[in-house]
A.B. asks: 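Handing you this structure, nothing more for now.
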2 protein chains.
Amino acid sequence: MKFTMLDFFFEPRSVAILGASSDEKKYGRLIFNHFVVPYFKRVFPINPRVSEIMGIKCYKSVFDLPEVPDLAVVVLPTKLAIQAIADASKRGIPAIVCITAGFSEVGRDDLQEELVKALGDSRLIGPNCLGIVDTHSQVNTLFPNFELPEKGNVSLISQSGSLAIDLLLALQQNKIGLKRFVSYGNAADLNETDFIEYFGQDPDTKVIGAYIEGVKAGRKFIKISKSIARKKPIVVLKLPSTENVSMAAKGHTGAVASTMGIYKEILRQSGIIQCDSTSQFINSIKALYTQPPAFGNRIALVTNTGGPAAMALYRMNRYQLELAELPDNVVDETEVVIKKHAVQTSISRDKNNNPLAFMDLTGSATTEVITEISKIFLKEKNVSGIIIVPRSDAPVVSKDAPARIALLKREFPKKPILVYNLPDPTVNAEFEGYGIPVFRTAEDSVDGMYALVERGRILQKYLY
Amino acid sequence: MKFTMLDFFFEPRSVAILGASSDEKKYGRLIFNHFVVPYFKRVFPINPRVSEIMGIKCYKSVFDLPEVPDLAVVVLPTKLAIQAIADASKRGIPAIVCITAGFSEVGRDDLQEELVKALGDSRLIGPNCLGIVDTHSQVNTLFPNFELPEKGNVSLISQSGSLAIDLLLALQQNKIGLKRFVSYGNAADLNETDFIEYFGQDPDTKVIGAYIEGVKAGRKFIKISKSIARKKPIVVLKLPSTENVSMAAKGHTGAVASTMGIYKEILRQSGIIQCDSTSQFINSIKALYTQPPAFGNRIALVTNTGGPAAMALYRMNRYQLELAELPDNVVDETEVVIKKHAVQTSISRDKNNNPLAFMDLTGSATTEVITEISKIFLKEKNVSGIIIVPRSDAPVVSKDAPARIALLKREFPKKPILVYNLPDPTVNAEFEGYGIPVFRTAEDSVDGMYALVERGRILQKYLY
């Protein structure tokens, strides 16, 4: 992979912490702690008032350092931060993360301008941010204390630091692995477009997730997104305000558009999958992380339980997902399976008596029935993807349900298979070990399927 | 409290289990287990093929019992279940729960008719259901094995058994206490209206939650709901189909209405708070369980964190909740607080420069600032309720945040106070100990506030 400037941030060979502290409660200490083990001897605490922190030699200024570090993390009070950035730039440090707040976010545009001037040729993430995480290089500038996601292939961008914590926690709880994370705050220099471009080029990043409040350069954002989206999904949470609407539209078409509809359509044409809530965002990433796109909005649903299926159908309606219509011979096939296993049920039909790819097998359905019916549906051209609900709390559902459904995934690799199940940690870990995402509610699984349908639509309609 | 027929179900003096089994994997054993301890010597296993189960004497038939039990639970294969119900009725058992499936839900309307005939003067819950739970009397006919909510004051109705498990688990995880629960399946005899009426009369039930797919008798359902809703909130999940729409409208106005809008308005006039998703349902119950109604849709928002606040405002928009406008003197009051504590921020304003009850205090705000600003907002007549976001992961937020915010609750008992916080079990348990619900995401807290606004609107506009 080509080396880019942003590698200085995410794969630095050495790091200086400007404002490192010996006080165990201070941000300057909390952040320093993360670097001590992975960067032992290549982490340089800078603080004129102490001689060492945790036994590691402390320097009075960046000019005293024995080498020029790749990355500087600034954790100083606002006015000191500007001087520190000027010094870091003079010393030739290429990458600077400024955690410090007190700039344009509190109306001090003057201070932010000073900061940008101080930057010189160096590049900056922040100010007023949590900074960055790389689970591979073990760079971690987050001062809040919480359990990070495991190493993996989702990269995350968040303008807000505190919402980012929620999103990272949700990834961790859903066992979705993280590659890189950036909270970029005021975006005085580097912004969302730079990170999308960078994560787009990273071969380890399979899905890009972004919480963005406002886009700095609409035209460039749209152009870059469109080019990255050809390679991997970009999921964006929010971007709601009318200012953003007009900005995005202006950047794209030269005209000022004021409706949410036009704005949303422009984002979609740019290859972006849009989410309105944090839970939809996480469900989308969860589905896109392991499943292929769904080409078409025709879904099949196989369940051993009625209520959650009703909730799933209800949510499908919101997203204009439909149950796939089926040819009559499929009905015959399903009846053979049903009769063989003496399950009392039949295929669903619409008002005009057309058969639909929905089967509520009731609580008496075994894993075998669930799998056989799912296979019949998956074979159909008209079926774009399937949601299977093999409630493993039903005593007739056998322990090998994950393995059996995983065989379907192997047989139909181009069709997404999502599962909704009760939180049975053992069974669900097995499903996820086979690359089949398990959702916590029926609606969550439909959120995930919608993201796959959107991804398919974007790929077919806008990107090729 | 007046004794009603349904007390035989929820507070039986003795119980017969028809189909009790000595096989530890069978439903008839799983259900029997729940009764052994609380009903020792007043629980009668019925099974002609065994002499005792867990050391408790087993009877060949209900006619051999030394007394007439108040409640019979039927866990037999479909055809045997009908005979068992006929026997129980002949023996004079007033209340029967039929877990057994295989009736109208699989197209066997004939068998369901037989079952109803067999019932005689007894009353029935089911068939094809999980039955009932009473956390006070310890009646529990659920065969799936999961952790129930603790004892409390929400009563829950669910047509679907499997969705009910999700809802009960969500209550448990949110530490919302349960009084009674009923999964009524096919509703061959008792239905949703009977349970709403019964829970409505129960002084221990503060909030009624219901998952309903179809209403059997629209006119009666609407009449009963309206009368119960005067006393306590009724939250309904779903009811989406057009069949239900027309049924509800027909019952109410005599005309067949076909649009969702009319249907939703009729339910609202009947005092029902409507939810579209399981998470909105749980968030609504969580808010209604401890908070007073919000009279008006004008909300205040105080936060030490920008991103989640943006998500909250975005969700408020969906529900047509608005930020309260404030008089100018309030702006002066907030400025005094801000200056005293040297926090760099100012009150938000709308496009016309009117001050709004929204303040993002940034990460440097202490508990004291958060509490003082919240108090200024709560004092305002125009503010219907407040969402406070005292992210306790910010190091400047002190440990006494729950106690300080609880003092506001004491000072303003008629205005709802909701909190959104990171999952810090200790801090959040403290908030909830003070009767202040803590939500997991910003959107969740807005879901909760919307339910309180709906409750206020229903009380003011339709019920008085």
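Each chain gets a letter, A, B and so on, in the order its sequence line appears, and its residues count up from 1. The structure displayed is predicted, hence computed values, not measured ones.
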A.B. asks: Side-chain contact test, heavy atoms from C-beta onward, threshold under 4.5 Å: evaluate it for Pro308(B) versus Tyr420(B) and give yes or no.
C.D. replies: yes

A.B. asks: Heavy-atom pairs under 4.5 Å with chain B: which of Asn145(A), Asp166(A), Thr345(A) has the most?
C.D. replies: Asp166(A)

A.B. asks: Just give me the residue among Gly306(B), Ser158(B), Ser277(B) that pairs up with chain A most often, heavy atom to heavy atom, under 4.5 Å.
C.D. replies: Ser277(B)

A.B. asks: Quick check for you: among Ser160(B), Pro144(B), Ser279(B), which has the greatest number of heavy-atom pairs under 4.5 Å with chain A?
C.D. replies: Ser160(B)

A.B. asks: Before giving the answer on salt bridge (charged side-chain N to carboxylate O under 4.0 Å, His left out), spell out for Asp447(B) and Arg318(B) the whole-Å C-alpha distance, their side-chain angles and the decisive distance to 0.1 Å.
C.D. replies: CA-CA 10 Å; Asp447(B) 282 356; Arg318(B) 176 194 291 183; 5.6 Å; no

A.B. asks: Checking heavy atoms, do the side chain of Phe146(B), its backbone, both or neither come under 4.5 Å from chain A?
C.D. replies: neither

A.B. asks: With sequence neighbours excluded, give me every salt bridge (Lys or Arg N to Asp or Glu O under 4.0 Å) pair touching residues 98-111 of chain B.
C.D. replies: Arg108(B)-Asp110(B)

A.B. asks: Are Asn283(A) and Tyr450(A) close enough that a side-chain donor and a side-chain acceptor fall under 3.5 Å?
C.D. replies: no

A.B. asks: Please identify, among Arg440(B), Lys25(B), Gln159(B), the residue contributing the most non-hydrogen atom pairs under 4.5 Å to chain A.
C.D. replies: Arg440(B)

A.B. asks: With a 4.5 angstrom heavy-atom cut-off, could you sort out which part of Leu237(B) is near chain A: side chain, backbone, both or neither?
C.D. replies: side chain

A.B. asks: In terms of heavy-atom proximity below 4.5 Å to chain A, should Arg315(B) be classed as side chain, backbone, both, or neither?
C.D. replies: side chain

A.B. asks: For Leu30(A), which atoms come within 4.5 Å of any heavy atom of chain B: side chain, backbone, both, or neither?
C.D. replies: neither

A.B. asks: Can you tell me how far OG1 of Thr334(A) sits from NZ of Lys339(A), rounded to the nearest 0.5 angstrom?
C.D. replies: 10.0 Å

A.B. asks: Establish, from distance only, whether the side-chain atoms of Glu443(A) and Thr278(B) form a donor-acceptor pair under 3.5 Å.
C.D. replies: yes

